[in-house]
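One structure is given below, encoded as structure tokens.
Keep in mind that what you see is a predicted model, and the values were worked out from it rather than measured.
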Amino acid sequence: MRYNLIDHELTESESAEVIALLRAHNAEVSLAAIEAIETQLADQLRPLGRRDHEIGALIVQWCNTKFLDLLEDDETPLTDLRAFLREVGRTDAAEGFAPELRQTAFRIGTGVAIARFAELSMTLPAVTAATIGQVAQQVLIFQNTVMAALREGYADVGAGGERTRLRSRLLELLIDPAPDLPAIRAAAAAADWPLPEAIAAVAVDEWTRDPYRRSDIDLPSSWVSGLHLEQQCFLVTDPGGPETAEALRTLLHGRIGAIGPTVDPSGVADSLNWALHTLNLVRDRRIRSEGPVRALDHVPDLLISRNGNLVAELAAEHLAPLAGDGPEPYRLAETLLACLECRFNAPAAARRLGVHAQTVRHRIRRLNELFGEDLHLPDRQLTLQIAVRHWLMTHGPDNPDVLRASR
């Protein structure tokens with residue numbers, strides 16, 4: 001099959017004129033194709049987020065450009081395009097992306113491209129309806145070439161890809177805010193995944209910026225991967241077990257990861273929600289921790305951040321003596337929290353802060369001067385602890401100089 005326009009009653013100069021026109025509008029035609037795909041397949045594509053938007057856009061743009069290259073020179077090599085699409089097929093299979101969805105997306109994009117290219121071409125006097133029909137036939141043959149490369153990628157992964165696809169479907173059901181337990185049980189059986197009584201969601205910071213290498217991450221076989229989602233996550237079984245804790249430390253290896261509460265299969269969406277909230281606080285440096293961070297270790301911070309406006313008013317009312325900028329208010333607030341947690345035991349608070357006990361005693365005297373008797377009233381201490389936690393979360397962590405000076 002020859003990809004050119006000269007065989008379709010066009011002279012070489014007329015052919016060049018058509019190709020130049022199509023190239024001039026290629027970007028807008030590609031954008032129209034991408035928008036049509038994302039509109040018609042919105043529900044199916046939404047869980048995949050930005051990662052698939054980027055891949056889908058790249059496929060459309062590259063295929064349209066390559067087809068125009070073939071029209072200009074039918075000996076244009078397709079080796080690079082085939083290799084790219086084969087790798088997309090491998091990654092899709094490894095991450096559970098159904099091949100039918102990619103095929104449907106490509107057919108939608110092809111239909112838009114044919115219609116828009118035909119509309120543009122018909123503005124030229126030399127182009128006839130017969131020419132457009134023959135070129136459309138070439139586009140469909142080119143589409144088969146593209147789909148063959150994608151299928152080869154799926155075949156490379158083989159049976160393992162079907163298993164991952166079933167696991168991905170299971171993940172979608174588990175993280176749904178309105179879980180369908182019968183459907184979850186059926187999906188777990190289809191994916192050969194014994195449904196555990198205890199699960200926890202783990203939200204992780206961007207693992208890799210290369211969308212084709214996320215499938216290289218080797219999770220334990222009993223875990224369910226969501227690393228292909230826009231907000232990467234995965235589900236772990238036996239969350240409280242020592243082997244799970246060690247596996248998480250090894251897997252994350254310095255990356256930011258937040259572990260949601262342990263739940264049964266009906267509560268995975270809640271576990272993921274708390275994991276994501278914890279991860280956001282770590283990203284914002286409102287929780288300072290290394291390695292995997294357990295949401296349940298930071299419940300006060302999570303609750304305070306969820307009710308920020310109310311707690312801000314509380315802090316403004318009860319911590320007015322700490323008003324001001326610089327390191328001293330931060331040091332005093334940090335010491336106040338440690339003392340409240342340690343019942344004003346200076347040595348214990350000093351160990352928590354990493355300073356000498358005499359330093360803590362000096363700061364306590366200063367706090368007594370600022371707050372008076374209220375500081376030691378049992379019915380006020382919980383209020384103060386909530387207020388000072390909020391104060392510390394909104395002061396200092398965004399200012400490295402203040403943090404360094406607070407020791």
Side-chain angles (χ1 to χ4, degrees), residues 40-49 51-52 55-56 88-105 150-151 153-204 207 211 214-241 244 247-248 251 257-276:
Q40 294 183 43
L41 300 178
D43 292 340
Q44 297 96 314
L45 295 175
R46 188 175 295 111
L48 298 168
R51 175 263 183 194
D52 194 69
I55 295 176
V88 170
R90 290 192 193 100
T91 304
D92 283 355
E95 294 185 351
F97 193 110
E100 297 80 11
L101 187 55
R102 185 73 74 195
Q103 291 167 5
T104 301
L150 287 169
R151 286 192 296 271
Y154 269 88
D156 290 343
V157 176
E162 176 64 11
R163 175 176 173 274
T164 304
R165 188 183 70 79
L166 292 171
R167 287 284 185 97
S168 294
R169 172 57 182 156
L170 172 62
L171 177 73
E172 292 174 10
L173 293 169
L174 285 166
I175 65 177
D176 192 312
D180 183 341
L181 285 177
I184 288 172
R185 294 189 187 98
D192 192 24
W193 191 66
L195 195 63
E197 295 181 359
I199 312 173
V202 179
V204 294
W207 203 291
R214 291 179 182 173
S215 58
D216 293 346
I217 300 165
D218 189 20
L219 298 178
S221 60
S222 62
W223 297 4
V224 178
S225 175
L227 296 176
H228 57 292
L229 301 178
E230 183 171 14
Q231 170 52 66
Q232 297 175 311
C233 65
F234 52 86
L235 307 183
V236 301
T237 54
D238 188 24
T244 300
L248 279 171
L251 187 69
I259 308 164
T262 299
V263 294
D264 63 33
S266 67
V268 173
D270 287 335
S271 181
L272 179 58
N273 185 34
W274 285 112
L276 291 171

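- Judged by distance alone, with hydrogens and angles left aside, the side-chain atoms of Glu197 form no donor-acceptor pair with the main-chain N or O of Asp238 at under 3.5 Å.
- Atom CG in Asp270 sits 12.5 Å away from atom CD1 in Ile175 (nearest 0.5 Å).
- A heavy-atom distance below 4.5 Å is not found between the side chains of Thr244 and Thr237.
- Interatomic distance, Thr104 OG1 to Gln40 CD, rounded to the nearest 0.5 Å: 10.0 Å.
- Side-chain contact check for Trp274 versus Val263: every heavy-atom pair is 4.5 Å or farther apart.
- The shortest side-chain heavy-atom distance between Leu173 and Asp176 does not fall under the 4.5 Å cut-off.
- Qualifying side-chain contact (heavy atoms from CB on, under 4.5 Å) partners for Ser225, counting only residues two or more places apart in sequence or in other chains: Leu219, Leu227.
- Under the side-chain hydrogen bond (donor to acceptor under 3.5 Å, both in side chains) criterion, Asp264 pairs with Ser266, sequence neighbours left out.
- Contact record, Ala188 with Leu195: CB-CD1, 4.1 Å, taken as the closest heavy-atom pair.
- Between Ile199 and Thr262, every side-chain heavy-atom pair lies at or beyond the 4.5 Å cut-off.
- Under a 3.5 Å cut-off, the side chain of Ser271 and the backbone N or O of Ala201 do form a donor-acceptor pair.
- Between Arg102 and Val88, some side-chain heavy-atom pair lies under the 4.5 Å cut-off.
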